[in-house]
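Structure, as C-alpha cells:
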Amino acid sequence: MNFKKNIDLKSLKKKYDNDGFVVIKSFLSKDDVNFIKNDLKNFISNDAKNLKNRDINYTKDNKINSIHKTSNWKLINKIQNDDNLQKISKKLLSEPPKNFGAELFAKPAKTGMPSPIHQDNFYWAIDNANGLTFWISLDNSSKRNGGIFYFKKTHKLGLLQHKPSYAPGSSQTVKYYEGMKLFKKYTPDLKPGDCIIHHSLIVHGSQKNISKNPRTGLTIRYIGKSSKKDKNLQRLYLSELKTQVFSRNK
Ligand SMILES: O=C(O)CCC(=O)C(=O)O
C-alpha cells in the first residue's frame, strides 16, 4: 500500500487548522483502491457477516450500510500503522498519534442511508478533542450519490449540543441545525483514492444515496498521544446510544 508521499505538510496543516478539513487528491492509486476493495470482500464474507447490533448496519434491502468494528480486518490494522499516515497525523495533531480505530461507510446504491450532521467528538468523547479522520474514498463521491459534506470552520465552535437522530450508525445529530446556516457548506467531489482529513469537531454529514452508484468511504482515525477519554462525555453518549439500540431491537 503506497500512500502519496511528498505532501507539503506545512500547507496541509494550515488548511486543516483553518477549515477543519483538507482534501488530498490521489492519496492512493487505483490499484491500491482495488486491492482494498477485494480485501474488503474477504473481510465481509469471513468476519463482518458475524457482527451484530451497533457494530454493523444494514439498509432496508439488506445490504451493508456501515461497519463500526474492523479490529479483525488485518489489512486495516496494517494501514493504520503506515508510516506516512502516522507522519501526517503527527503534524496535524501537533504530537505523536495514537490509533483510534477504523470504520466503513459503504452507503450502497439506491438505498444507502444518510449520516445526520454531527461532530465526531460527541461520539469519541476525547477530553481535548485532538483527533482526526482520514476519510478515504473507494468510489466516486459527490452530491449525486450522498457524498460527505462539511460546514467549513465549525471545528472552531467547540463541542456543540447533540440530540438523538435515530439513524443507525450515526445515532447523534447537532441539536441546533439552524446555526449551521452561518457556515459555508462544502461537498468535495472525490474520485477513488482521494482522501479528506477532518478534525473531530468539524460538523459534517451525508445524504442518503438514491443514485445507481455506491459511495464507499473508509475511515482511519487517530487521536493525540496525550488525549484521554472524558468519562462524563462518554457516559452521555453511551446512554443515548443504548436507548436507540434498544428501540431498534424491540
Ligand atoms: O461517510 C459518511 O457518510 C459519514 C462519515 C462520518 O460521519 C465520519 O467519517 O465521521
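Order of appearance sets the numbers: ligands from 1, and atoms from 1 within every ligand. Heads up: numbering here begins at 1 and tracks the sequence. Heavy atoms only: backbone and side chains are in, while hydrogens, waters and symmetry mates are out.
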Under 3.5 Å, is there a donor-acceptor pair between the side chain of Asn145 and the main chain of Asn140? yes
Within the distance-only criterion (no hydrogens, no angle test), does the side chain of Asn81 pair as donor or acceptor with the backbone N or O of Asn77 below 3.5 angstrom?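 A pair under 3.5 Å: yes.
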Those atoms of ligand 1 less than 4.0 Å from some heavy atom in [X]:
X: Thr219; result: 9 (O)
X: Asp120; result: 10 (O)
X: His118; result: 7 (O), 10 (O)
X: Trp135; result: 1 (O), 2 (C), 5 (C), 9 (O)

Which residue and atom name correspond to the protein heavy atom nearest [atom], and how close is it?
atom: atom 3 (O) of ligand 1; answer: Ser206 OG, 2.6 Å
atom: atom 4 (C) of ligand 1; answer: Ser115 OG, 3.6 Å
atom: atom 8 (C) of ligand 1; answer: His204 NE2, 3.4 Å

Using a strict 4.0 Å threshold on nitrogen-to-oxygen distance, state whether [X] and [Y] make a salt bridge.
X: Asp39; Y: Lys74; value: no
X: Asp61; Y: Lys63; value: yes
X: Asp127; Y: Lys229; value: no
X: Glu103; Y: Lys69; value: no

Is the closest side-chain heavy-atom distance between Phe21 and His199 below 4.5 Å? no
For ligand 1, is there an atom lying under 4.0 Å from some heavy atom of Glu103?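 No, that is not the case, since the closest heavy atom of the residue is not under 4.0 Å from the ligand.
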Going by heavy-atom distance to atom 1 (O) of ligand 1, choose the closest among Lys107, His198, Arg215.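 The option holding the nearest heavy atom is Arg215.
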